[in-house]
Amino acid sequence: MVNLRDEFISTVVEPFTAAYAKGITPNPCILCNKMIKFPHLVRVAGERGAEAIATGHYARVERQSGSAEALLKKGIDSKKDQSYVLYVLDREALERLVLPLGTRRKEEIRQRARELGLSAAERPESQEICFVEDRYYFRLVEELTGGSQGPLIDSETGTVLGHHGGIHRYTIGQRKRLGIATGAPRYVTGIDPASNAVYVGPREGAMTREFLVREINWLLPIAEESFRAGVKVRSTMSDEPATIAVLDHAAAKVIYDEPQWAPAPGQSAVFYDGDTVVGGGVISR
């Protein structure tokens, strides 16, 4: 057990709240993997002379025949695959990583845990943020950064439909908690921190075909200026076909074949070649 409380607050919690205050939707699990979990696992492993590190993620690390280079792949259980949140691994962590659950389905693991008498066997599913006491993350943001009211604007007409309690309460594609009655479903289609405005419109307004990705971490070498890949912009979605136009080593443009639902600035786009993770980065505004 290693106490990383201070580092966790400064490198995960504070950037999380600062991002929401700027109208960006962060992914704290990915940030934790990048800044906390894996760097310190590798460090402690080195201090103790351990050859490998292991986590319970549903993904796989494999090596191609004749190559010592490790590949990050999707877990066998497609419904629980967590390769999306591991694209930020550096080469040293990936080479030393063991993922014992990646070749099994979660129900198999639960059954084995029952046989072993482990209390975790019946633990409920959880996709909540570990440092938020309930689902309402915006309370934490308000506690640390405040928040101010602003206009809710119809993206099609420019009409002010109402007022919001702070842009940190909203993300692209959101439908609930808008606090307006328009007679038709409305979704968040844009957030403008400069004017403290939230734009809402019909569902198709939150569909996007092209966007920029920055802070890219490549797990495979890329020799071409553009290539084809499956791209996920949320961990729970399937990877959809797209062209990746590489702008420089850390930036690229994603061009989906078909518009996709609500890629949100601050979230990650992860590139796949079949079930192998090519790389990924943070969606730019």
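Keep in mind that the numbers below use all heavy atoms, side chains included, and drop hydrogens, waters and symmetry copies. Fair warning: this is a prediction, and the values are worked out from it, not measured in the lab.
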[Y] backbone acceptor or donor facing [X] side chain under 3.5 Å:
X: Ser226; Y: Ile244; result: no
X: Asp273; Y: Thr276; result: no
X: Asn217; Y: Asp90; result: no
X: Arg203; Y: Pro185; result: no
X: Asn196; Y: Gly166; result: no
X: Tyr84; Y: Ser268; result: yes
X: Glu95; Y: Ala70; result: yes
X: Glu210; Y: Val254; result: no
X: Trp218; Y: His249; result: yes
X: Arg234; Y: Trp261; result: yes

Exercise: identify the closest heavy-atom pair between [X] and [Y]:
X: Pro265; Y: Ile172; answer: CD-CG1, 3.9 Å
X: Val277; Y: Tyr87; answer: CG1-CB, 4.1 Å
X: Thr17; Y: Val141; answer: O-CG1, 3.8 Å
X: Ala45; Y: Ala52; answer: CB-O, 4.5 Å
X: Gly56; Y: Gln82; answer: O-OE1, 4.0 Å
X: Asp154; Y: Glu156; answer: OD1-N, 2.7 Å

Pairwise distance [atom1]([X]) to [atom2]([Y]) - rounded to 0.5 angstrom:
X: Ile283; Y: Phe211; atom1: CD1; atom2: CZ; result: 4.5 Å
X: Arg123; Y: Arg110; atom1: CZ; atom2: CZ; result: 9.0 Å
X: Arg209; Y: Gln260; atom1: CZ; atom2: CD; result: 10.5 Å
X: Ile167; Y: Asp192; atom1: CD1; atom2: CG; result: 8.0 Å
X: Ile191; Y: Thr171; atom1: CD1; atom2: OG1; result: 5.5 Å
X: Ser284; Y: Lys253; atom1: OG; atom2: NZ; result: 11.5 Å

Between [X] and [Y], is there shared hydrophobic-cluster membership here, with clusters defined by ILVMFWY side-chain heavy atoms closer than 4.5 Å?
X: Val282; Y: Phe271; answer: no
X: Leu89; Y: Ile222; answer: no
X: Ile53; Y: Val2; answer: no
X: Leu97; Y: Ile30; answer: yes
X: Leu220; Y: Val213; answer: yes

Contact check, side chains of [X] and [Y], non-hydrogen atoms, under 4.5 Å:
X: Leu152; Y: Arg186; result: no
X: Phe227; Y: Thr243; result: no
X: Val233; Y: Tyr256; result: yes
X: Leu178; Y: Leu161; result: no
X: Leu99; Y: Leu86; result: yes
X: Arg60; Y: Thr103; result: yes
X: Arg169; Y: His164; result: no
X: Leu72; Y: Leu94; result: yes

Atom [atom1] of [X] with >12 non-hydrogen neighbours under 6.0 angstrom:
X: Glu47; atom1: CD; result: yes
X: Arg104; atom1: CZ; result: no
X: Glu51; atom1: CD; result: no
X: Lys73; atom1: NZ; result: yes

So Glu69 and Arg91, side-chain contact (heavy atoms from CB on, under 4.5 Å) or not? Walk me through it. CA-CA 9 Å; Glu69 188 171 78; Arg91 178 51 53 186; 3.4 Å; yes
If you measure from the Lys or Arg side-chain nitrogens to the Asp or Glu carboxylate oxygens, is any gap between [X] and [Y] under 4.0 Å?
X: Lys80; Y: Glu125; result: yes
X: Arg112; Y: Glu108; result: no
X: Arg114; Y: Glu107; result: yes

Run the side-chain contact (heavy atoms from CB on, under 4.5 Å) test on Tyr272 and Val278 for me, step by step, so that the C-alpha distance in whole Å, both residues' side-chain angles and the decisive distance to 0.1 Å come before the verdict. CA-CA 5 Å; Tyr272 291 85; Val278 177; 5.8 Å; no
With salt bridge (Lys or Arg N to Asp or Glu O under 4.0 Å) as the test, pick out the partner of Asp81 among Lys106, Lys232, Arg105.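 Result for salt bridge (Lys or Arg N to Asp or Glu O under 4.0 Å) with Asp81: Lys232.
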For residues Glu240 and Ser238, is any side-chain donor paired with an opposing acceptor at under 3.5 Å? yes
Plane angle bin for Phe131 and Phe16 - parallel if under 30°, tilted between 30 and 60°, otherwise perpendicular: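 Geometry flag for Phe131 against Phe16: perpendicular rings.
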